[in-house]
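Sequence lines set the chain letters: A, B, ... in the order given, protein chains first and strands last, and positions in each chain run from 1. Hydrogens, waters and symmetry mates are skipped; everything else that's a heavy atom, side chains included, is used. Remember, predicted model here, so these are calculated numbers, not experimental data.
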Amino acid sequence: MKLQYFTFALMQQQKVRVRFAPSPTGGLHLGGVRTVLFNYLFAKQHGGEFVLRIEDTDQARYVPGAEEYIIECLRWCGLNADEGPHIGGPFAPYRQSERKETYRQFAEQLVKNGYAYYAFDTTEELEAMRAKLKTPENPSPQYNHAARLQMRNSISLSAEETAALLEKGTPHVIRIKMPANEEVGFTDLIRGHVQFNTDTVDDKVLLKADGMPTYHLAVVVDDYQMKITHAFRGEEWLPSAPVHLLLWKYLGWESDMPEWAHLPLILKPDGHGKLSKRDGDRLGFPVYAMNWTDPKTNEITKGFREIGFLPEAFLNMLVMLGWNDGTGKEIFSMPEMIERFSLERVHKSGAKFDFEKAKWFNHEYIVATDNDKLAELFLPVLKEKGENASLEYISKIAGMIKERCHFVNEIWDHGFFFFQQPKTYDVAAVKPKWSAEKTQFFMDWASVLETMSDFSLETIEESFKQLATSMNIKVGELQLPFRIMLCGGKFGPTVFNIAETLGKHETIERIVKGLDAINA
RNA sequence: GCCGCGUUGGUAAAUCGGUUAAUACACCUCCCUUUCACGGAGGAAUGACGGGUUCGACUCCCGUACGCGGUACCA
């Protein structure tokens, strides 16, 4: 009985729980989506739960609409959270701003236990301190164990002075008191053992003057209270890991601390550094998952969804950025990803984003998508172009040209002539080898087509070839002109397929118009 | 400056001490196709540098260089 209970308790404790904790400040970066993906895959693989938590502790950077936008991005990707501000859950609220009261008590507890202290320095005083201590050898002076004695805080001040300041309601923050010369280390699931000396990290602010926690306090308190077992985040957080480690220890929760994994960064395609929205603008590709409209400027930043990415392709592309299963396999369905994903095979180094490869992934998914589905996805694009057609018609076209599309939207670029007659003709492509006989051929053939009752691919092609042979003209020499008449240029699928799809009437009309254009 | 992390072709990358160092994208040539794409055949192109350890290092260790990240009352 006792053993059974123990086993049950252990299982409960081991239930995998991960979280994605974005701050609602703007568009969702593809690196963020990849972090979600890795979290999601890990959770699903272990039958665990995936939590969405909103880190909105910085009221100055808060952007209205960003939270809804993030949730919609996740929905589009199919990476839905099991708990979150939009659906609730047993650990609600999931917005840090709504948990504000929780943090203060833990910060106070840390002060009481000597692990943190009140600091009354104003922004100006902090700036003055940094300016004073700044040297070429030390360009960014820290508020650390040495500096804190020169500042106004509950360590440098007497207990009476501190109490008086507090009583007067003097604005203050609570800072962690980093110990001197201590080694703090942990085992990162991706990087192995990582160690820091506390002398090199400063007394980070835990609770801001407005009563809101900083990320450092909030992430620890929330991960603890929400029973997070595995915490994945970008590599840029690695340097502040010792702060978090110490906080877990100082709050007495060390045995509940999640396992950490610091994910490699996604880098610019050219040069070096983290991929930013600016790089996308500069190089002509999206960085955000979906279109993001800045509520202040109304400026729209293009997203992967809107340029015609399929969510499955988007995720597949992302999972390969920093991870592989070791077999060379590149196309993974969601169930396959969940099955094969492993943190051990996540790279330590950052990966440069390659838009060409991303396009290739989308192409692969478009080819694999059935034509009816493509037609549905393309219909809105078509309407935007001011045209309309039946799903059946679009589906047929999609099947013919999807091989040459990287994006759903490109069905238009490669097949616009199915929806409208050519406005211009690439006559230069046919003129040099044009002749009166060829004009005669097309006039005669148009008459033949007119009488045709079965306007099918086979009959069209057969009559074309028959007439060409009887007139002693090479079939090959007639195909390009025919293409120009139907499409206007040197593009599109097999000509006879186009003709069949266009139908008898339209084909004949285009032959007549095309002939005019060529002979003009 | 300091601290941390990293470094296999242009890009993503396999290899977990022994290979002619895979594969994919991109690029080039040819074939197919009198458009393009798909498909097929081929090509060019990679272990930052220097020391160790070892019979043997891309692989392990130590330096150096370079890159990135952090060094906020932002996350």
Quick check on RNA chain B: between A:Pro269 and A:Asn197, whose nearest nucleotide comes earlier from the 5' end?
A:Asn197
How long is the line joining CG of A:Leu283 and C1' of B:rU11, in whole Å?
13 Å
Could you measure between the two P atoms, the one in B:rU54 and the one in B:rA48, and give it in whole Å?
23 Å
Within the pair A:Asn324 and B:rA14, is there a side-chain N or O less than 4.0 Å away from OP1 or OP2?
yes
Remember a base hit wins even if backbone is also touched, and classify A:Ala351 as base, sugar-phosphate or nothing at under 4.0 Å, heavy atoms.
sugar-phosphate
Report which part of the nucleic acid A:Phe491 touches: base, sugar-phosphate, or nothing (heavy-atom distance under 4.0 Å, all strands).
base
In whole Å, measure the gap between the P atoms of B:rA41 and B:rC25 for me.
13 Å
Would you please confirm or rule out a distance under 4.0 Å between OP1 or OP2 of B:rC36 and any side-chain N or O of A:His406?
no
Given A:Phe407 and A:Glu410, is the side-chain contact (heavy atoms from CB on, under 4.5 Å) satisfied, shown in steps?
CA-CA 5 Å; A:Phe407 306 110; A:Glu410 283 179 348; 3.6 Å; yes
If you measure from the P atom in B:rG6 to the same atom in B:rC60, how many Å do you get, rounded?
12 Å
Under 3.5 Å between N/O atoms: give me all the protein pairs with nucleotides 37-39 of chain B, atom names plus distance.
from   : atom 1 : to       : atom 2 : distance (Å)
B:rA37 : O2'    : A:Glu403 : O      : 2.6
B:rA37 : O2'    : A:Arg404 : N      : 3.4

When the P atoms of B:rG69 and B:rU64 are compared, how many Å lie between them, rounded to an integer?
22 Å
Would you kindly give the CZ-to-C1' distance between A:Phe496 and B:rU33, to the nearest whole Å?
13 Å
Test salt bridge (Lys or Arg N to Asp or Glu O under 4.0 Å) applied to A:Lys348 and A:Glu235, step by step:
CA-CA 9 Å; A:Lys348 295 181 178 71; A:Glu235 190 189 344; over 6 Å; no
Does B:rG4 have its OP1 or OP2 closer than 4.0 Å to a side-chain nitrogen or oxygen of A:Thr200?
no
If I pick the C1' atom on B:rG47 and the same atom on B:rA22, what distance separates them, to the nearest angstrom?
14 Å
Between B:rG6 and A:Lys352, is there an OP1 or OP2 to side-chain N/O distance shorter than 4.0 Å?
no
Could you list the protein-to-nucleotides 29-32 of chain B atom pairs, N/O on both sides, closer than 3.5 Å?
none

Would A:Phe464 and A:Phe482 count as a ring pair (Phe, Tyr, Trp, His ring centres under 6.0 Å) here? Give the steps.
CA-CA 10 Å; A:Phe464 186 90; A:Phe482 186 34; 5.7 Å; yes
Quick one: does A:Lys357 reach the base of B:rA26 with a side-chain donor-acceptor pair under 3.5 Å?
no
Which part of the nucleic acid does A:Ser140 contact within heavy-atom distance under 4.0 Å: base, sugar-phosphate only, or nothing?
base
Encoded 5' to 3' (Watson-Crick or G-U under 3.5 Å; [ ] crossing; | other strand), RNA chain B becomes (((((((..(((.....[....))).(((((.......)))))....(((((..]....))))))))))))....
For the rings on A:Phe232 and A:Phe20, is their centre-to-centre separation under 6.0 Å?
no
